[in-house]
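Just so you know, these numbers use all the heavy atoms, side chains as well, and skip hydrogens, waters and symmetry mates. Order of appearance sets the numbers: ligands from 1, and atoms from 1 within every ligand.
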Amino acid sequence: MTQRVALVTGAMGGLGTAICQELAKAGHKVVAAYHPEFDKPDEWKKQMADAGFNDFVCVAGDVSSFDSCAAMVAEAEAKAGPVDILVNNAGITRDKMFGRMELAQWDAVISTNLTSLFNMTKQVSGKMAERGWGRIVNISSVNGLKGQAGQTNYSAAKAGVIGFTKALAAELAAKGVTVNAITPGYVATAMVMAIKPEVLQSIIDSVPMKRLAKPEEIGGACAYLASDLAGFMTGATMNINGGLYYQ
Ligand code: CAA
């Protein structure tokens with residue numbers, strides 16, 4: 001296989017870590033992008049090295065800021081080379097029933113989970129098209145498809161990710177660049193574990209497979225979408241949710 005450079009945002013979270021590992025296992029050079037305020041990058045790097053992933057390139061940047069993304073991608077390219085594969089994975093929750101949601105909670109989720117796709121993809125998509133090869137994988141959510149009480153902000157952003165994916169896929173289809181979305185269900189990560197235990201249990205009970213997804217079950221799909229073999233797939237929304245929801 002051809003070794004490509006893959007940049008993953010939110011790389012040091014539960015899902016991001018699994019995505020980095022699966023892309024590395026597929027033979028790619030991985031750039032792990034993390035928020036500048038993340039307090040344990042060195043600990044994460046050590047954990048990865050202990051697990052046999054020794055050559056991740058790490059870069060810090062705030063995906064909600066265009067200028068920060070520009071600087072971060074420039075640093076990534078200087079260290080690893082042109083980005084061939086972009087995984088827009090960084091995301092946050094600020095769950096509140098709508099009646100109690102404040103504008104700051106709305107804005108934080110929209111800028112980190114949706115505007116980030118503009119900020120990051122702008123840095124790489126034109127150059128991918130010029131080179132005639134590229135993969136953009138956007139991590140949406142089952143809750144962008146079905147809507148989730150307590151998540152008007154998150155559901156709106158994740159639905160927006162799907163619209164962005166389809167529109168950009170149409171623009172880049174003839175240029176060798178694919179753009180796809182993954183809609184994970186509830187994955188065993190810190191984000192999901194932060195849900196109140198009784199609420200989380202009722203969510204698990206509602207999943208036909210009666211369990212959370214393993215992070216690598218999402219990471220593996222990401223590696224597939226990034227591969228040459230997935231070259232004819234674009235504008236797709238890949239549901240991985242244990243049967244929780246079908247479009
Ligand atoms: N549907 C309709 N109404 C609901 C509801 C539901 N599913 N859940 C709660 N409510 C109602 C309650 O009955 C209550 O009504 P009253 O005020 O009239 O009594 C009101 O909403 C407030 O409920 P709570 O007292 O439970 O409010 P809270 O502030 O303690 O909790 C919440 C609200 C934080 C949104 C909590 O319900 C919650 O965590 N829900 C789960 C949200 C969720 O699934 N988040 C996913 C996070 S992981 C992720 O996002 C990853 C991914 O992609 C899947």
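- Shown here is Lys175, whose NZ atom has no more than 12 heavy atoms of other residues, nucleotides or ligands within 6.0 Å.
- Of all atoms in ligand 1, numbered sequentially from 1 with element shown, those under 4.0 Å from a heavy atom of Thr93 are 50 (O).
- Shown here, atom 36 (C) of ligand 1 is out of close reach of the protein: none of its heavy atoms lies under 4.0 Å off.
- Nearest protein heavy-atom contact of atom 39 (O) of ligand 1 is Ile195 CG2, 4.1 Å.
- For atom 30 (O) of ligand 1, the nearest protein heavy atom lies closer than 4.0 Å.
- Ion pair Glu217/Arg211 flagged as a salt bridge, since at least one NZ, NE, NH1 or NH2 atom sits closer than 4.0 Å to an Asp/Glu carboxylate oxygen.
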Would you check, one step at a time, whether the test side chain to side chain donor-acceptor pair (under 3.5 Å) holds for Trp44 with Thr17?
-> CA-CA 9 Å; Trp44 185 85; Thr17 298; 2.9 Å; yes
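- Note on ring orientation: taking the six-membered ring where Trp is involved, the planes of Phe53 and Phe56 are parallel (angle under 30°, cut-offs 30° and 60°).
- Under a 4.0 Å criterion applied to the non-hydrogen atoms of Lys196, ligand 1 contributes the atoms 26 (O), 28 (P), 30 (O), 31 (O).
- Counting only heavy atoms, the protein never gets under 4.0 Å from atom 16 (P) of ligand 1.
- Counting the atoms of ligand 1 from 1 in the order shown, those under 4.0 Å from a heavy atom of Val192 are 48 (S).
- Ion pairing between Asp228 and Arg4 holds under the 4.0 Å rule for side-chain N and carboxylate O.
- Every atom of ligand 1 with a heavy atom of Gly150 under 4.0 Å away is listed here by number and element: 35 (C).
- For Gly220 against Glu22, the heavy-atom pair with the smallest separation is N-CG, 3.6 Å.
- In this structure, atom 13 (O) of ligand 1 is not in close contact with the protein, since no protein heavy atom lies within 4.0 Å of it.
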Quick one: do Asn143 and Tyr186 satisfy side chain to side chain donor-acceptor pair (under 3.5 Å)? Show the steps, please.
-> CA-CA 9 Å; Asn143 291 343; Tyr186 286 77; 3.1 Å; yes
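- The protein reaches atom 26 (O) of ligand 1 closely, with a heavy atom under 4.0 angstrom from it.
- Of all non-hydrogen atoms in Val31 and Ala80, the two that sit nearest each other are CG2-CB, 3.7 Å.
- When side chains are defined from C-beta on, Met12 counts as touching Cys58, because their heavy atoms get closer than 4.5 Å.
- Of all protein heavy atoms, the one closest to atom 3 (N) of ligand 1 is Met97 CE, 3.7 Å.
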Applying side chain to side chain donor-acceptor pair (under 3.5 Å), run through Asn88 and Thr121 and close with a yes or a no.
-> CA-CA 8 Å; Asn88 285 309; Thr121 309; 3.2 Å; yes
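- Protein heavy atom closest to atom 51 (C) of ligand 1, with residue, atom name and distance, is Tyr154 OH, 3.4 Å.
- Counting only heavy atoms of the protein, atom 7 (N) of ligand 1 lies nearest to Ala149 CB, 3.5 Å.
- Interface atoms of ligand 1 facing Asn143, defined by a heavy-atom separation under 4.0 Å, are 54 (C).
- Screening Val207, Ile204, Val187 for a side-chain contact (heavy atoms from CB on, under 4.5 Å) involving Leu212 leaves a single residue, Ile204.
- Heavy atoms of Arg100 come nearer than 4.0 angstrom to ligand 1 in at least one pair.
- A salt bridge links Lys127 with Glu77: the closest approach of a Lys/Arg side-chain nitrogen to an acidic carboxylate oxygen falls below 4.0 angstrom.
- In this structure, atom 22 (C) of ligand 1 is in close contact with the protein, since a protein heavy atom lies within 4.0 Å of it.
- Salt bridge status for Lys46 with Asp42: absent, with no side-chain N to carboxylate O gap under 4.0 Å.
- Heavy-atom contacts of Asp95 reach the following atoms of ligand 1: 42 (C), 43 (C), 45 (N), 46 (C), 47 (C) (cutoff under 4.0 Å).
- Nearest to atom 49 (C) of ligand 1 by heavy-atom distance, out of Gln148, Arg94, Met193, Met191, is Met191.
- Taking every non-hydrogen atom of Val199 and a distance limit under 4.0 Å, the qualifying atoms of ligand 1 come out as 40 (N), 41 (C).
- Regarding atom 44 (O) of ligand 1, its nearest protein heavy-atom neighbour is Tyr186 OH, 2.7 Å.
- Within ligand 1, counting atoms from 1 as listed, the ones closer than 4.0 Å to a heavy atom of Gln151 are 45 (N), 46 (C), 47 (C), 49 (C), 50 (O).
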